[in-house]
Amino acid sequence: MIDTPPRLDGVDLHALAAQVGTPTYVYSASAIRDRIQALQHALKGLDTRVCYAVKANANLAVLQLMAEQGVGADIVSVGELRRALRAGIPASRIVYSGVGKTADEIAEAIGMGVWRYNVESHDELRTLQAVAAGRGATVRASARINPDVDAGTHAKISTGKSENKFGVSIDEARHWFAEAAQYPNVRLDGLHAHIGSQILSIKPFRLALQRVAAFARELAGQGRELNCIDVGGGLGVRYRQDQAPPLTPDQYAAMLRETFADFHGRLILEPGRYLVAEAGWLLTRVIRVKPGQQRAFLVVDAAMNDLLRPALYDAWHDIVPLHGRDAETVEYDVVGPVCETGDTFAVRRPMPACRAGDLIAIAGAGAYGAAMASTYNSRPLPAEVLLDRDRYAVVRRRQDYDAMIADECPVQEWSTA
Ligand code: LLP
């Protein structure tokens, strides 16, 4: 939480914004550590490995915090692999997920010694076998099951229904295990399921994982004892302070204990949002207050290119003015400078009246914020700052205009292919 006067992790946000400018993402290292510890505490006594879903926030400093706490990584690209390794997460704690792994990517991951592969199609299984055989390696793999469960979350972040592109049916996975001898370089000894993100009730998790657990029992009955079950990520977080906190790690862990009571292998967890979302804020400054014909617009210097979630998912983020003045409550549409109506952080949001120059903090921005930023409208990528007990470090400097266009050039010569 931001204290009054506005401090986060002991750092004065006004002074910080004056030094690094806006828009800037700020992350509290203490809050991230607290989340990791809360989860690890809840999981005590269970044989688990937590592999942070790098996609949520791939900043090297955030990954470094994960490494320091013994957390591994769930990756979906070679780019994420390189980041995780660079930040000090050992390959032996990295699981590789995703429907579109190419042979080249698999080869690089094998070369780096990635721990496990979550396999999402028959073709991928054959590719994994071929690449591993070509390198004289044996790799460990889990079959990603699509349990056909509705996660009850936004359609664009649901992944566990049969119409989604992720995973395979239990029926198909059954065939993979039956023909495992055809894949001598793949030790298929695990299952994986991830049904979606920002899940706020235990029910869909329980339903999906019961299906996975039943399949694991079936395989064990045939003498195929599994080593690992990867239960994915998806734990929801609180985006509105005026609403009850969602699922707790204790409730989640209790569900795992119950569902996997008779499973003797290791459980892998892939939380992303839970570990970082509420630890991050997007600091932005009011450019001007524009009285519209029907609404008052608060035009801020952050935009949809910096934080896409409201435009893409109609996602709610709390918005907190940090001016500290006594001010009447007014309703604003909080908008950015990008030339799209969708560049709107909030509609008719009641908040203390603001003026040009005021500093504002957008909450819940630690996950899928900077990670999904772009330079749309030729706006350079925002800065990112890690805060830790009264100190701060700029962990991504604001992109400058030259860097933004550095990889482009006007045509100098034409080639033929
Ligand atoms: N594991 C797999 C295989 C995933 O696909 C994901 C997220 C996770 C773990 C982590 O899920 P989490 O614990 O963060 O819910 N951009 C969207 C979220 C997309 C999530 C994609 N996959 C958003 O801003 O809400």
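All values derive from a computational prediction rather than experimental measurement.
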Problem set entry | P271 and L39, any side-chain heavy atoms less than 4.5 Å apart | yes
Problem set entry | R288, CZ: over 12 other non-hydrogen atoms inside 6.0 angstrom | no
For this session: Check the pair E108 / R82 against salt bridge (charged side-chain N to carboxylate O under 4.0 Å, His left out), numbers first and verdict last.
Result: CA-CA 10 Å; E108 178 160 348; R82 291 186 181 211; 2.8 Å; yes
Exercise. With side chains defined as the heavy atoms from C-beta onward, is the minimum distance between P245 and T248 less than 4.5 Å?
Worked result: no
For this session: Sort out for me which residue in R396, R398, E384, Q19 forms a side-chain hydrogen bond (donor to acceptor under 3.5 Å, both in side chains) with T24.
Result: R398
For this session: Kindly compute the distance separating CZ (R174) from CD1 (I145), expressed to the nearest 0.5 Å.
Result: 9.0 Å
For this session: Could you grab the distance from atom CD1 of I362 to atom CG of L283, nearest 0.5 Å is fine?
Result: 9.0 Å
Problem set entry | cation_pi(R309, W316) dist<6.0 Å, angle<=45 | no
Problem set entry | Sub-4.5 Å side-chain heavy-atom contact between T159 and R144 | yes
Exercise. Could you go step by step and tell me if D74 and K55 meet the salt bridge (charged side-chain N to carboxylate O under 4.0 Å, His left out) rule?
Worked result: CA-CA 8 Å; D74 163 52; K55 62 175 82 69; 3.6 Å; yes
Problem set entry | Criterion salt bridge (charged side-chain N to carboxylate O under 4.0 Å, His left out) on D388 and R33, from CA distance to verdict | CA-CA 10 Å; D388 194 3; R33 280 192 215 99; 2.6 Å; yes
Exercise. Do D3 side-chain atoms and P6 backbone N/O form a donor-acceptor pair below 3.5 Å?
Worked result: no
For this session: Give a yes or no on whether the ring-centroid distance for F345 and H317 is below 6.0 angstrom.
Result: no
For this session: Drop me the distance from D250's CG to M255's CE, to the nearest 0.5 angstrom.
Result: 12.5 Å
For this session: Indicate whether the side chain of N305 and that of R379 have a donor and an acceptor atom separated by less than 3.5 Å.
Result: yes
For this session: Take R325 and D358 through the test salt bridge (charged side-chain N to carboxylate O under 4.0 Å, His left out) and record every step on the way to the result.
Result: CA-CA 10 Å; R325 291 186 302 272; D358 281 348; 2.7 Å; yes
Exercise. Roughly how far apart are C354 SG and Y332 OH, rounded to 0.5 Å?
Worked result: 5.0 Å
Exercise. Crowded around D326 CG? As in, over 12 foreign heavy atoms under 6.0 Å?
Worked result: no
Exercise. Would you find more than 12 non-hydrogen atoms of other residues, nucleotides or ligands less than 6.0 Å from H122 atom NE2?
Worked result: yes
For this session: Decide yes or no on side-chain contact (heavy atoms from CB on, under 4.5 Å) for V286 and L298, but give the supporting numbers first.
Result: CA-CA 7 Å; V286 176; L298 197 63; 3.9 Å; yes
Exercise. Does any non-hydrogen side-chain atom of V62 lie less than 4.5 Å from one of V276?
Worked result: yes
For this session: Enter the distance from L282:CG to I360:CD1 here, rounded to the nearest 0.5 Å.
Result: 10.5 Å
Exercise. Could you go step by step and tell me if V385 and L16 meet the side-chain contact (heavy atoms from CB on, under 4.5 Å) rule?
Worked result: CA-CA 9 Å; V385 176; L16 178 72; 4.1 Å; yes
Exercise. Above 12 or not: heavy atoms from other molecules or residues under 6.0 Å from CZ of R257?
Worked result: yes
Exercise. So with a 6.0 Å cut-off around CZ of R86, is the heavy-atom count from everything else above 12?
Worked result: no
Exercise. Donor-acceptor pair, R83 side chain versus A58 backbone, under 3.5 Å?
Worked result: yes
Exercise. Are any side-chain N or O atoms of N146 and backbone N or O atoms of F166, one a donor and one an acceptor, separated by less than 3.5 Å?
Worked result: yes
Exercise. CZ/R389 to OG/S30 distance, rounded to the nearest 0.5 angstrom?
Worked result: 5.5 Å
